[in-house]
There are 2 protein chains.
Amino acid sequence: MKQTGDLALMKKINKSIVMERIRHESPTSRARIAEKTGLTKATVSSLVAELISSDLVEEIGAGQSRGGRKPMLLLFNCSAGFAIGIDLGTDEITSILTDLNGRIVSESTVRSDNTNVDTAISALKACIGDLIKQAPISRYGVIGIGVGIPGFSDEQGNILFAPNLGWENIGLQAILEAEFAIPVVIENEANVGAVGEKRFGSSQAAASLVYVSIGAGIGTGIMLKEELYRGAFGYSGEMGHISIHHDGKPCRCGNLGCWELYASEHALIQEARAVYRDPTLDLDTLLKYAQAKETKALQLFTQHGRYLGIGIVNIINSLNPDRIIIGGRLALAEPWLVASMIEVVNKRSLPYPRAHLSIQFSTLGSKATVLGACSIAISRFFSSTKVWVE
Amino acid sequence: MKQTGDLALMKKINKSIVMERIRHESPTSRARIAEKTGLTKATVSSLVAELISSDLVEEIGAGQSRGGRKPMLLLFNCSAGFAIGIDLGTDEITSILTDLNGRIVSESTVRSDNTNVDTAISALKACIGDLIKQAPISRYGVIGIGVGIPGFSDEQGNILFAPNLGWENIGLQAILEAEFAIPVVIENEANVGAVGEKRFGSSQAAASLVYVSIGAGIGTGIMLKEELYRGAFGYSGEMGHISIHHDGKPCRCGNLGCWELYASEHALIQEARAVYRDPTLDLDTLLKYAQAKETKALQLFTQHGRYLGIGIVNIINSLNPDRIIIGGRLALAEPWLVASMIEVVNKRSLPYPRAHLSIQFSTLGSKATVLGACSIAISRFFSSTKVWVE
DNA sequence: GATACTTTGTAAATTGATTAAACTAACAAA
DNA sequence: TTTGTTAGTTTAATCAATTTACAAAGTATC
């Protein structure tokens, strides 16, 4: 939201700047913040005093002298409040409670048939209620709930369409906020994963990051600078439905030859079942075969890596991110996928966009989604005010 | 650049807000600006006074009363300075001089073999020198030069790589700034076209716009909100090198089955030359054939529209823009391309992202590039300070 | 141990842009 | 002529940051 400049905005900006420093460079001192931000020592002192009185910052005693008076060290009080993050899958709900630093306090996974809206919402409410009860007493209590969903949502937290759940037009944010009176954010699962990787993974310095979530289909979350790119109406990131074969197999989305028909976990399993003539084969089994160095399994993964690479080349050429993260359960197959994938990327992508790029498999694993959901909730709580001058 | 909040920033923000209003809603009055922006009448008065004394705004007399005292109408003084926009093609240079509203004062197109760096730079300097001489006397003179290039550049205005020119690592911005002592911006041709369409075309309200420039290859410029998306290192937008056929024809970029091998002007002409068995056939001739309703030409365009559609589906699914503009010389073929293109888009793209989308052919034609280049130069001059509160 | 110098943090006075409220100016409608 | 509305200015108050000064608490050096 664009707005005019007044003293309140000024203070909000500077308070955010100070808060960010303390959150991310804790412990630090008033003098050091003043030095790094360009604010005067007096301003920093006054803002820090307010942050202390609102329990977001604590003094933890004197630090080492740098040749003069010892600094009073300031710490971010990450226990001033707690956040809840949810991953709403098709047949289970994963939920975590974290402190304001994203450190997990409590977690749970329950099975639930989420294709039924009523069942799912009851289960969701139960999970959230449980975590709220477990939250330690704190100044601000549970400050927000973030929910990652396998589908599209708008800025008001309505689920517009979630194909794998069969949901359409469900005002989930409103329902949960009415129940708990806590701010709720609804966001696509891949978008949430992107935020999680950016904030808690190994990509915190990345300027632009694409998170590729591989499951039944392929979803992608795009982060530009510190912001999630949501497209014009919240439908961005369906890179799984980029056609890599314009007259290939028909996809249920209406297109032909979509990437996810070749490179999703589902596609791999289908192929593996055909090769092994075993209609019940699942990913875990296939991983075991690969670990045992079975030729057929290794070949399947090698081919799958190639398909992954083909789509990743499209991402590189079109968006030129400096970091691509492969997430979802298929990230477990990294050892057997990575070589052929990288080979395709190196052979096919434009050299300049590739030059500063790093491709990694998720280190957060299944935690990326729930952590990202918490992170979004926490960010909303701090609602950091930033000014960019072009 | 992120920065702290102080009184100077506050004023800069508000002055920009007032200036933007006057630029885009001219003529208007102090009272109306106050009403629409939320600033007080006193603040607006004070800022307008400064803008008037710096010659960017003029009073042009009283307007119509709305039931009380007549308002004093304020006009953006678009002749306070002038901007130069350049389109650096492979074999010609198009350049224009505009006022601060982007209205063209003077224009020229000269042929020049730009594959030779020295020749090209001399020709560029000559063009710019000519236009500077033609600029009317004004308070700020020529306030900036924008150059659209068929290649990649970094934020410092170095041309990193321009395949069709054969240029690599040329510090064009530095060279031109040293010569003319005027701020210079270097930007990819498709990016510049996107800015031109957004600012001067029929897409000024679009929240996110993708401009598809079809020529020898296919380039794309992506605008999110009011900002150009440049990727991590300035290499974004090479959607022409998204593969639509993963084991298709090899492209000189190293990839297989790139979209531009099927849907560029070059691809169309190659195909047409084969069909007509005429190795000298060009686009103008083919357009004439189509106008004369020749079956072979009509079929060629119909097929080409399908290929265009296939790539556009990829753009829709991955980025969910609310506006796509097809530009470049091939936009002239709209009447014979559009039906088959739209048919493919409607059949293949995801229904939700498609719902609020509008696809149009460029109305600015070849002017999009030079106008966009001017627009970027003008934006830099106003260096508008925008505040986003998240 | 005394002195000089540094660094940390607070206090008081100053600055400057916005706001709020009051006011002048100008006009329409009855 | 009166009443009410709109346009724009003036004046005083506000408030967050800055400037300047200074106190507190340390190190380094002779």
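The basis for the numbers below is simple: all heavy atoms, side chains too, and nothing from hydrogens, waters or symmetry mates. Numbered from 1 within each chain, the chains take letters A, B, ... in sequence-line order. Model, not experiment: these values are computed from the prediction.
For B:Leu7, the listed nucleotide lying nearest its side chain is C:dA17; candidates were C:dT10, C:dA17, D:dT9. Comparing D:dT10, D:dG8, D:dT14 against the side chain of B:Ala42 picks out D:dT10 as the nearest. Checking D:dA17, C:dG9, D:dG8 against the side-chain heavy atoms of B:Pro71 singles out D:dG8 as nearest. Set against C:dA17, D:dG8, D:dT18, the side chain of B:Met10 has C:dA17 as its closest nucleotide.
A salt bridge does not link A:Arg32 to A:Glu35: none of the charged nitrogens lies less than 4.0 Å from a carboxylate oxygen. Taking the charged nitrogens against the carboxylate oxygens, B:Lys198 and B:Glu227 have no contact shorter than 4.0 Å, which rules out a salt bridge. A salt bridge links B:Lys36 and B:Glu25; the closest N-O separation between the charged side-chain nitrogens and carboxylate oxygens is under 4.0 Å.
Note: NZ (B:Lys41) to P (C:dT24) measures 14 Å, nearest angstrom. Atoms NZ (B:Lys15) and C1' (C:dG16) sit 14 Å apart, rounded to a whole Å. The CG-P distance, from A:Leu39 to C:dG9, rounds to 15 Å in whole Å. C:dG9 atom C1' lies 11 Å from atom CG of A:Leu74, rounded to whole Å.
Between the side chain of A:Thr43 and the backbone N or O of A:Leu39 there is no donor-acceptor pair closer than 3.5 Å. Formation of a donor-acceptor pair under 3.5 Å by the B:Asn14 side chain with backbone atoms of A:Gly5 is found in this model.
Taken residue by residue, residues 44-68 of chain B places heavy atoms nearer than 4.0 Å to DNA chain C at B:Ser65, B:Gly67, B:Gly68.
Scanning atom types as modelled, no donor and acceptor separated by under 3.5 angstrom connect the side chain of A:Lys70 and the base of D:dG26. A donor-acceptor contact under 3.5 angstrom links the side-chain atoms of B:Arg69 to the base of D:dA7.
OP1 or OP2 of D:dT9 sits under 4.0 Å from a side-chain N or O of B:Arg30. When the side-chain nitrogen and oxygen atoms of B:Asn14 are compared with OP1 and OP2 of C:dA17, none of them lie within a distance under 4.0 Å. Dashed line: the shortest gap from a side-chain N or O of B:Thr4 to OP1 or OP2 of D:dA17 is not under 4.0 Å.
Looking at heavy-atom distances under 4.0 Å, A:Lys11 makes contact with sugar-phosphate atoms alone, never a base.
Each salt bridge (Lys or Arg N to Asp or Glu O under 4.0 Å) pair with one or both residues in residues 70-81 of chain B, not counting sequence neighbours, would appear here, but there are none.
No side-chain donor from either of A:Arg103 and A:Thr98 sits under 3.5 Å from a side-chain acceptor of the other.
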